[in-house]
Amino acid sequence: MAPLLTAQKAYAAKLDAKGKGKRKADDIDVDDNDVQQPKQKRNKQRVLLLSSRGITHRMRHLMNDLETLLPHVKKDSKLDSKSQLHLLPEIADLNNCNNTLYFEARRHEDLYMWATKTPNGPSIKLHVQNVHTMDELKMSGNCLKGSRGILSFDKAFDETEWGKLTKEVFTHIFGVPPLARKAKPFIDHVLTFSILDNKIWFRNFQIMEKDPLQPNGPPQTSLVEIGPRFVLTPIRIFEGAFGGATVYSNPEYVTPASMRSVVRHARGDKYRQRKEAQEETSKRKVLRKRDEDALAVSKVFA
């Protein structure tokens, strides 16, 4: 029995040496620095970018510029049917995205943008006008591809309820998370959103630390526009994703089709007035011929 007791004692000593033996909680000294702090909430924002069929080259270049500016964007193929918007939340879920930028083209000339939080909403439908891409502007500014940008919102966003909601949605979509997969750890441009005439004006500026005319001079911060630039007219805000109850409707919005109809009617009025003037002129000529007497020069020397 002596060898067996010796083996058991040796095994118990080995467990104590490795720290596998049971220890009381009171005997454990806990350092305050070793206590795990609660993890900070990580900003996980990914944006699905896609369009409908029938977009023009200008619309496609605008989408490419936005994809370059936002490194947390996931681009997908075009949506075949404009009437199947209920499929977009499922597509965003498959791509692990919680935001969606959907560009809807109609009649190959009108462009609409849906800014949506998926899958529960809200969603904002906007009319895109005055589009100028980076290639068209050809400005001297430049920024690093994949760099993060500072979002600058006008004070007018906080004056209305729809402005506050739009600001929050745009912050989630255009704000690049610091731990995005393709994002660079640099901030060298500013994305500005301004409200003027109930329209949202988008501009992109590069942050310049030195004056290009005096490279060896003192540091001087300035802004140089890069592009793209466009104007957004809010149409309607829905409670859900691509549908649901209407939260806000713009009473001043006029569809581009109705504006073109007014222009066509104005051209038709000009044509009608010209034809009426020609008829009056022809009637006056007939009346002059009837008033001629027998001693008229045209009859005497006929």
Side-chain angles (χ1 to χ4, degrees), residues 41 43-55 59 62-63 66 70 72-74 76 78-107 110-129 151 153-175 177 191 193-202 230-259 261:
K41 188 175 180 181
N43 184 13
K44 296 182 180 180
Q45 300 293 337
R46 292 194 66 187
V47 183
L48 177 67
L49 180 66
L50 73 164
S51 66
S52 63
R53 296 286 179 181
I55 62 173
M59 304 174 188
L62 175 63
M63 292 181 59
L66 291 178
L70 307 177
H72 64 302
V73 157
K74 170 67 176 178
D76 202 351
K78 298 177 181 178
L79 189 67
D80 292 332
S81 177
K82 300 183 181 70
S83 61
Q84 297 179 352
L85 299 182
H86 62 278
L87 299 177
L88 290 174
E90 300 180 5
I91 298 175
D93 188 21
L94 292 175
N95 289 276
N96 195 20
C97 297
N98 52 3
N99 302 282
T100 303
L101 272 180
Y102 174 64
F103 287 89
E104 181 180 353
R106 293 191 177 274
R107 300 179 181 177
D110 301 331
L111 181 62
Y112 299 92
M113 185 180 76
W114 289 80
T116 308
K117 290 289 297 181
T118 54
N120 299 323
S123 56
I124 307 173
K125 185 178 182 181
L126 308 109
H127 182 211
V128 186
Q129 296 173 296
L151 298 184
F153 289 93
D154 191 6
K155 292 182 179 180
F157 279 95
D158 298 328
E159 297 177 356
T160 57
E161 295 297 330
W162 71 267
K164 294 178 182 178
L165 182 58
T166 305
K167 178 181 177 180
E168 186 67 22
V169 174
F170 281 4
T171 302
H172 292 184
I173 293 178
F174 292 94
L191 303 178
F193 298 89
S194 304
I195 293 182
L196 183 63
D197 297 334
N198 290 330
K199 300 178 185 294
I200 302 174
W201 300 67
F202 175 86
F230 52 88
V231 181
L232 301 174
T233 304
I235 302 174
R236 189 167 293 184
I237 301 177
F238 298 95
E239 184 179 2
F242 298 98
T246 300
V247 178
Y248 169 78
S249 179
N250 189 2
E252 299 179 0
Y253 174 70
V254 181
T255 61
S258 60
M259 294 179 64
S261 177

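Computation of the quantities below employed the complete heavy-atom set of this structure, encompassing side-chain atoms and omitting hydrogens, waters and symmetry-equivalent molecules. Numbering of residues begins at 1 and proceeds along the displayed sequence.
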Leu50 vs Leu88 side-chain heavy atoms within contact, under 4.5 Å: yes
With sequence neighbours excluded, residues passing side-chain hydrogen bond (donor to acceptor under 3.5 Å, both in side chains) with Glu239: none
Minimum heavy-atom distance between Phe193 and Phe157, given as atom pair plus value: O-CE1, 3.4 Å
Exercise: identify the closest heavy-atom pair between His172 and His72: O-NE2, 4.3 Å
Pairwise side-chain contact, Thr100 with Ile91, heavy-atom cut-off 4.5 Å (strictly under): no
Spacing of CD1 belonging to Ile237 relative to CD1 belonging to Ile235, to within rounding of 0.5 Å: 11.0 Å
Inter-residue atom distance Asn98.CG - Asn120.CG, 0.5 Å rounding: 11.0 Å
Side-chain (Ser123) to main-chain (Thr116) donor-acceptor, under 3.5 angstrom: no
Side chain proximity check, Glu90 to Leu87, heavy atoms < 4.5 angstrom: yes
Student check: side-chain heavy atoms of Leu49 and Phe103 closer than 4.5 Å: yes
Residue pair Leu151 / Phe170, side-chain heavy-atom distance below 4.5 Å: no
Side-chain heavy atoms of Cys97 within contact of Thr118, under 4.5 Å: no
Interatomic spacing from CE in Met63 to CG in Leu101 - rounded to 0.5 Å: 8.5 Å
Ring-face cation contact, Tyr112 with Lys125, 6.0 Å cut, 45° max: yes
Residues in side-chain hydrogen bond (donor to acceptor under 3.5 Å, both in side chains) contact with Ser261, at least two apart in sequence or another chain: none
Plane angle bin for Tyr248 and Trp162 - parallel if under 30°, tilted between 30 and 60°, otherwise perpendicular: parallel
Check: Ser194 side chain, Asp154 main-chain N or O, donor-acceptor pair, under 3.5 Å: no
Side chain to side chain, Ile124 and Leu232, heavy atoms closer than 4.5 Å: no
Separation of Met113 CE from Leu66 CG (nearest 0.5 Å): 8.0 Å
Spacing of NE2 belonging to His127 relative to CG belonging to Asn250, to within rounding of 0.5 Å: 12.5 Å
Verdict with supporting geometry, Asn96 and Lys74, side chain to side chain contact (heavy atoms under 4.5 Å, CB included): CA-CA 9 Å; Asn96 195 20; Lys74 170 67 176 178; over 6 Å; no
Shortest non-hydrogen separation from Ala105 to Ile55 and the atoms involved: CB-CG2, 3.7 Å
Closest approach of Thr233 to Lys199 (non-hydrogen atoms, all atoms of both residues): OG1-NZ, 3.1 Å
Smallest separation among heavy atoms of Gly244 and Phe238, with atom names: O-CD2, 3.6 Å
Contact summary for Pro89 and Leu85, nearest pair of heavy atoms: CD-O, 3.6 Å
Rounded distance [0.5 Å steps], CG in Leu165 versus NZ in Lys117: 11.5 Å
Distance-only polar pair, side chains of Ser51 and Lys78, donor-acceptor under 3.5 Å: no
Leu70 vs Val47 side-chain heavy atoms within contact, under 4.5 Å: no
Expected output: side-chain Asn99 to main-chain Ile173 donor-acceptor under 3.5 Å: no
Whether Phe230 and Phe202 hold their rings parallel, tilted or perpendicular, with breakpoints at 30° and 60°: parallel
